[in-house]
Protein chains: 2
Amino acid sequence: MTSDIPHIIIGRLPLYLRALSRLKKEGYNYASSRELGKLLDISPAQIRKDLSHFGELGKRGKGYEIEFLISKLNQILNIDTLWDMIVIGAGDLGSGLARYKGFSDRGFRVSAIFDIDPQKIGKSIGNLVVRDFNEMCDYVAENKVQIAVLAIPAQNAQSVIDDLVEVGITAILNYAPIYIKTPAGVQIEHIDPSVHLQKLSYYLK
Amino acid sequence: MTSDIPHIIIGRLPLYLRALSRLKKEGYNYASSRELGKLLDISPAQIRKDLSHFGELGKRGKGYEIEFLISKLNQILNIDTLWDMIVIGAGDLGSGLARYKGFSDRGFRVSAIFDIDPQKIGKSIGNLVVRDFNEMCDYVAENKVQIAVLAIPAQNAQSVIDDLVEVGITAILNYAPIYIKTPAGVQIEHIDPSVHLQKLSYYLK
DNA sequence: TAGATTGTTAATCGATTAACAATC
DNA sequence: TAGATTGTTAATCGATTAACAATC
């Protein structure tokens with residue numbers, strides 16, 4: 001069922017969703033590809049083409065019904081349920097992620113946070129308590145968690161990811177500033193602010 | 001001088017840099033496009049093609065001299081000096097960014113952090129003190145800062161970005177979960193963990 | 001010299017866009 | 001019906017890759 005829709009198209013769906021939520025909040029019922037395109041700096045043709053991969057989701061002459069398209073995209077992206085995630089690393093970043101209020105609206109929830117540092121284990125962060133990383137394996141198995149967020153230094157990332165994959169994690173959001181390959185069937189996305197900043201600085205005088 | 005090198009190529013240069021730093025740390029002096037490609041999951045041909053835009057940077061039969069290529073890429077990406085950045089928003093994320101140790105190696109430094117919340121203004125974060133956002137304009141002018149990092153809620157992002165652009169900021173790293181267009185000459189990059197997670201969840205069963 | 005790897009051209013592949021018939 | 005906007009095809013554009021002569 002991991003169909004053959006190109007990843008580059010999947011990557012735009014969350015952006016459509018974000019724009020649609022905004023329009024909905026502003027009270028609109030319909031959005032045309034032209035309106036969405038203007039909001040996102042994406043050509044109307046591309047938006048229509050992207051969406052057409054998933055059926056005829058619009059109404060000719062009217063545009064897309066916002067409520068309907070949101071629920072459709074939620075379905076496609078598999079976020080009509082709330083996914084539990086674990087966070088690895090209880091430093092500034094990990095703590096921030098554990099406390100972040102923005103996930104639940106978008107389909108996710110941090111259900112546990114782990115660290116290896118005895119100083120941090122047992123500490124409260126939001127409504128979670130930092131657990132010993134050694135308990136990660138049992139926790140994932142018992143709670144059938146599939147998503148992990150990595151907020152640890154680069155040097156430990158490879159071995160931790162090996163562990164995560166072994167216990168059955170299949171989706172990883174990696175904040176460690178290092179590229180890591182995962183076996184087929186395990187998806188990974190990378191966030192490294194320095195990489196973005198370096199792209200920006202190219203254009204500075 | 002914002003030459004006509006495609007942005008997609010510029011976007012890979014920081015990755016090359018990261019891989020090269022790693023190899024350097026491991027004691028290597030030369031890296032071939034094949035080795036770099038394996039580390040990054042990028043084809044050797046693409047790496048050679050990308051780099052060839054900036055001159056003949058390699059040695060036939062040997063590969064690329066790591067030290068030399070690092071300094072060349074630093075030059076190209078404009079990070080052979082340390083850029084000052086300001087952070088807007090002193091919540092969990094902003095504080096984390098202000099304390100983050102990983103920037104200085106990569107060409108950047110947080111030189112000030114701002115908030116509008118009187119409760120936060122004056123508080124210490126790392127070796128910085130949270131400033132009143134109303135002083136942002138003066139600060140940027142006096143210190144000739146060009147880069148801003150936005151760590152505030154989506155609803156305020158547009159007006160804050162308007163302010164930033166007006167006082168002369170030309171590069172923005174935006175953590176607010178909203179797409180915002182900037183005038184020509186002002187570059188912006190977006191980081192939204194929920195967007196990445198939604199891409200990942202598409203592949204979950 | 002033999003072996004290796006670059007730099008670069010030409011071919012391929014895939015993504016974006018223009019255009020318009022279909023239709024609400 | 002007239003106006004608007006989709007869904008989709010075909011054309012265009014741009015990025016990736018294969019292949020190999022150049023050369024260290």
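A, B, ... follow the sequence lines: proteins, then strands. Residue 1 opens every chain.
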Next on the checklist: Need one value for B/L57: base, sugar-phosphate or nothing, where a base atom within 4.0 Å counts as base even if backbone is also close, heavy atoms only.
Outcome noted: sugar-phosphate
Next on the checklist: Applying a 4.0 Å non-hydrogen cut-off, can you work out what B/P6 is touching in the nucleic acid: base, sugar-phosphate, or nothing?
Outcome noted: sugar-phosphate
How many Å lie between [atom1] on [X] and [atom2] on [N], as a whole number?
X: B/I10; N: D/dA15; atom1: CD1; atom2: P; value: 12 Å
X: B/I5; N: D/dA15; atom1: CD1; atom2: P; value: 11 Å
X: B/I9; N: D/dA15; atom1: CD1; atom2: P; value: 7 Å
X: A/F54; N: D/dG7; atom1: CZ; atom2: C1'; value: 15 Å
X: B/Y16; N: C/dT6; atom1: OH; atom2: C1'; value: 15 Å
X: A/N29; N: D/dT5; atom1: CG; atom2: P; value: 15 Å

Shorter than 3.5 Å, N or O on both sides, protein versus nucleotides 17-23 of chain C: list them out with atom names.
unit_1	atom_1	unit_2	atom_2	d
C/dT17	OP2	A/S43	OG	3.0
C/dA19	N6	A/R48	NH2	3.2
C/dA22	N3	A/R60	NH1	2.9

Next on the checklist: Only pairs with both distances under 3.5 Å count, Watson-Crick or wobble alike; so what is the partner of D/dT8 in this structure?
Outcome noted: C/dA19
Checklist entry - Using purine N1 to pyrimidine N3 plus N6-O4 or O6-N4 for Watson-Crick, or N1-O2 and O6-N3 for G-U wobble, both under 3.5 Å, which nucleotide pairs with C/dC24? => result D/dG3
Checklist entry - Under a 4.5 Å cut-off applied to non-hydrogen side-chain atoms, are B/L69 and B/L17 in contact? => result no
Item to check | Any side-chain heavy-atom pair of A/L173 and B/L197 under 4.5 Å | outcome: yes
Checklist entry - Of all the nucleotides listed (D/dG7, D/dA15, D/dT6), which has the minimum atom distance to the side chain of A/E56? => result D/dG7
Next on the checklist: Between A/Y139 and A/S111, do the side chains contain a donor N or O and an acceptor N or O under 3.5 Å apart?
Outcome noted: yes
Next on the checklist: In terms of relative ring orientation, are B/F133 and B/F114 parallel, tilted or perpendicular, with 30° and 60° separating the classes?
Outcome noted: perpendicular
Next on the checklist: Could you go through A/D50 and A/Q46, starting from their C-alpha distance and side-chain angles, then the distance that decides it, and tell me whether this counts as side-chain hydrogen bond (donor to acceptor under 3.5 Å, both in side chains)?
Outcome noted: CA-CA 6 Å; A/D50 284 354; A/Q46 177 153 92; 5.1 Å; no
Checklist entry - What's the shortest heavy-atom distance between B/I79 and A/S201, and which atoms? => result CG2-OG, 3.4 Å
Next on the checklist: At less than 4.0 Å, is any side-chain N or O atom of A/Y64 found next to OP1 or OP2 of D/dA4? Yes or no.
Outcome noted: no
Checklist entry - side-chain hydrogen bond (donor to acceptor under 3.5 Å, both in side chains) between A/R109 and A/S104: does it pass, once the steps are laid out? => result CA-CA 6 Å; A/R109 174 176 62 184; A/S104 58; over 6 Å; no
